[in-house]
> 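Sharing a structure below in structure tokens format, with a few things to ask.
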Number of protein chains: 2
Amino acid sequence: MSVLIEFRHLKYILAVAETGNFTRAAERLFLAQPSLSAQIKDLEDTLGFPIFLRDRTGVYCTPAGEMIVSYAESALAEQTETVKAARAIYRGEIPILRLGFSCFVQPELLQSFRDAYARLFPDCQMQLSSGNHSHILHRLEEKSLDGALLPMPITGDDWVFEQIACSPLVVCMRTDDPLAEEIEIQPAELTERLTIFRDPEMHPAAHARLMNMLSEVKILPKVSSLAATPADIQFMVQAGCGLALMDQRTVLYPGLTGRPIAGIRWTVDTAFVHHNNAEHLALPILVRYLRKLGNGKPLKRPARRKHVKGLQLELLA
Amino acid sequence: MSVLIEFRHLKYILAVAETGNFTRAAERLFLAQPSLSAQIKDLEDTLGFPIFLRDRTGVYCTPAGEMIVSYAESALAEQTETVKAARAIYRGEIPILRLGFSCFVQPELLQSFRDAYARLFPDCQMQLSSGNHSHILHRLEEKSLDGALLPMPITGDDWVFEQIACSPLVVCMRTDDPLAEEIEIQPAELTERLTIFRDPEMHPAAHARLMNMLSEVKILPKVSSLAATPADIQFMVQAGCGLALMDQRTVLYPGLTGRPIAGIRWTVDTAFVHHNNAEHLALPILVRYLRKLGNGKPLKRPARRKHVKGLQLELLA
DNA sequence: GGTTGCCATAGATAGGAAGTATTGGACGAT
DNA sequence: ATCGTCCAATACTTCCTATCTATGGCAACC
């Protein structure tokens, strides 16, 4: 199917919708009124439905027209934003992206985020800082970080986030544990034995949610060991302090293994977050890209075989 | 500023990026190769930076080009989607939107959502169902609802949601309560007196989060009365069962009033949710629109003074 | 009944998108 | 080396169409 609408049309439509008047819209566009009328009419013909109703009292949108007008606004804004970012890339003006991440975010996930960033913003630098959930959020607030990868939930207003991963929770145990013989663990078998948890202070909302989910399936956890990192949790399991819940994708120490809980499909969700009024040029485009990756199918384009910088190439030539 | 890129360019760019070859891209576009080359070159000139690197071994994207290519994909897809939806509106083929909402969602919020929907999909019907959080989510899952307005947090994978409101929590009390004399309530004054809560079963995750937030500020609530609706909560406060937390925007019964808690800025967040693979045509466009409303400034276009249906008008004329 | 405001139509024109033919550069095979 | 192949760029022509000016039609307002 060919392109029905051009950006030119969107600009014209918007001018007409905003002025409610072909003549004034044409003036604003530095265009003769008949040219504008003709363009809109052509477009309406190819689309197969009218966008505007011309009426003695003025020009109004049809229902379908409202949708096109609303689309025109965002499509034009998006184009401007994209061109600005692309130009900044070309000029090497993208500032370093200061990315925070919780130590509970899987390394492969961090890497695939870095890959996505590198695909969108090649040759742009990224500075990593790890920390616990609340700490990272605080640094985002005070703008010493531009964005972060954090486990959900992310509570509070003034955050923009986009979920980028979701992975099952499993019970982490020693391989010599009797439960390791089973393929799935029954919830009842966990009561009393599930004792190792992430320190609630690291991420209060996630802890609360977990406790609640556990009580819903009648697992009564005995919170006795608190850990600040996944490595510490593994150490505690290894040391025999009890069982813990873990992201299935965690690479476990030798001597440890993971088992799903029967009938339960809890997940660890990770999101890319940035503050509402953070101003790093890459953020809106990054979020849009991550959203596309999440909803759509993977991109099927030939990979770049050569790695060449746009501007630098010219300067060296 | 004028339009730099046209959709035609995006289509061309995409073809070149996907084939990695101007000649084959031109074939795919039913275009002569020099025409394609010229168009891309023109675009690169107006943009001010190269999109592709022509190389003996093939054609590759520059860094800035990668961004444009990625944009081209989504922009073209979005246009197609929008035109499809607009055409469906014109033909009156938009099915009724079955919207669920929690009874804890404010009526004005529901109304402004209905307004937004009416603006995007004029003359399209909406069917409302209220219920509690878990119930609504379940109905979304089994596809007896298309979308819903629910208080956050919304846990679990396979939901698409967009936060649409955020409003402060206040303490709800009788106007003859001694605390009503104060402008702000101190957290310590709430211990023992905060006793009325939403039934945890209505929304387990929200209850858990609230309990956690309370304990963080050393308020130890005594959960003694459980209500299924805001009206029930108000009744209980009126009956003297204790104090409750409420959305500040709730229209209170006579004899009741709300007061903020000193030093605390908790909020009630509401989101529009739909299931990952719900197929109602309006959903992706609705989410995009809500997102725009949230991030951007309000639209400043003359309102439609007349309410006319596109198709019907022609048929009647 | 004249004037004004506004959109549509008619016809002319110029700009530019697309086409054809050709050149030039880089490999690879003989 | 030399020829053949592949591929993008250049040169030049053609034709479409976006734009222009001028005008017509229609309703509303003095």
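Because only heavy atoms are used, hydrogens play no part in the values below, and waters and symmetry mates are left out as well, while side chains stay in. In what follows, chains carry the letters A, B, and so on, assigned in the order in which the sequence lines appear, proteins first and then strands, with residues in each chain numbered from 1.
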> Would you say D:dT10 has OP1 or OP2 under 4.0 Å from some side-chain N or O of B:S37?
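Indeed not, no polar side-chain atom of B:S37 lies that close.
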> Of all the choices, C:dC7, C:dT9, D:dA8, which nucleotide is nearest to the side chain of A:K41 once you look at every atom?
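Nearest to the side-chain atoms of A:K41, counting from C-beta on, is C:dT9.
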> Which residues pass the side chain to side chain contact (heavy atoms under 4.5 Å, CB included) test with B:A25, not counting sequence neighbours?
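Result, side chain to side chain contact (heavy atoms under 4.5 Å, CB included) vs B:A25: B:A15, B:V16, B:T19, B:L36.
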> Rounding to 10 degrees, work out the angle separating the end axes of the helix from C:dG1-D:dC30 to C:dT30-D:dA1 (five pairs an end).
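Terminal axis comparison yields 10°.
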> Can you list everything that forms a side chain to side chain contact (heavy atoms under 4.5 Å, CB included) with B:Q125? Sequence neighbours excluded, please.
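Result, side chain to side chain contact (heavy atoms under 4.5 Å, CB included) vs B:Q125: B:I96.
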> Taking atom P of D:dA8 as reference, at what distance in whole Å does atom CG of B:L29 sit?
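Taking CG of B:L29 and P of D:dA8, I get 13 Å after rounding.
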> Name all pairs fulfilling the ring-ring contact (aromatic ring centres under 6.0 Å, His included) condition that reach into residues 9-55 of chain B, sequence neighbours left out, sorted by first residue then second.
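For residues 9-55 of chain B, and leaving out neighbouring residues, the ring-ring contact (aromatic ring centres under 6.0 Å, His included) pairs sorted by first residue read A:Y90-B:F49.
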> Roughly, in whole Å, what's the span from CG in A:L53 to C1' in C:dC6?
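So the two atoms are 16 Å apart, to the nearest Å.
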> Please, which pairs that meet salt bridge (charged side-chain N to carboxylate O under 4.0 Å, His left out) have at least one residue in residues 40-53 of chain B, sequence neighbours excluded?
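Sorted pair list: B:K41-B:D45, B:E44-B:R54.
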> Going by the rule ring pair (Phe, Tyr, Trp, His ring centres under 6.0 Å), which residues pair with A:Y71 if we only count those two or more places apart in sequence or in a different chain?
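Expected list: none.
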> Closer than 4.0 Å, any side-chain N/O of A:R54 to the OP1 or OP2 of C:dA8?
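For C:dA8, OP1/OP2 do have a side-chain N/O of A:R54 under 4.0 Å.
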> For C:dC6, does either OP1 or OP2 sit under 4.0 Å from a side-chain N or O belonging to A:R24?
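Yes.
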> Verify the contact: side-chain N or O of A:T23 to OP1 or OP2 of C:dC7, cut-off strictly under 4.0 Å; return yes or no.
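For A:T23, the contact criterion (side-chain N or O under 4.0 Å from OP1 or OP2 of C:dC7) is met.
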> Distance check needed: D:dA18 P versus A:I5 CD1, whole Å only.
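Distance check: A:I5 CD1 to D:dA18 P gives 14 Å.
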> Tell me every residue that passes side chain to side chain contact (heavy atoms under 4.5 Å, CB included) with A:N277, counting only those two or more places apart in sequence or in another chain.
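Here the qualifying residues are A:K143, A:H275.
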> Going by ring pair (Phe, Tyr, Trp, His ring centres under 6.0 Å), name the residues that satisfy it together with B:F101, two or more places apart in sequence or in a different chain.
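Per chain and number, B:F101 pairs via ring pair (Phe, Tyr, Trp, His ring centres under 6.0 Å) with no residue.
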> May I ask you to evaluate whether A:N21 reaches the phosphate of C:dG5, defined as a side-chain N or O under 4.0 Å from OP1 or OP2?
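Indeed not, no polar side-chain atom of A:N21 lies that close.
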> What integer distance in Å separates A:E27:CD from C:dC6:P?
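One finds 9 Å between P of C:dC6 and CD of A:E27, rounded.
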> Whether the side chain of B:T62 engages the backbone of B:P50 through a donor-acceptor N/O pair (distance < 3.5 Å, no angle test) should be reported.
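Checked: pair present.
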> Atom CD of A:E6 to atom P of D:dT17: distance rounded to whole Å?
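Interatomic distance, CD of A:E6 to P of D:dT17: 12 Å.
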> What string of B, S and - do you get for nucleotides 17-28 of chain C, 5' to 3', if B is base contact, S is sugar-phosphate-only contact and - is no contact with any protein heavy atom under 4.0 Å?
SBBBB----SS-
> Compare all side-chain heavy atoms of A:R28 with those of A:E18 and state whether any distance is below 4.5 angstrom.
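A:R28 reaches A:E18 side chain to side chain.
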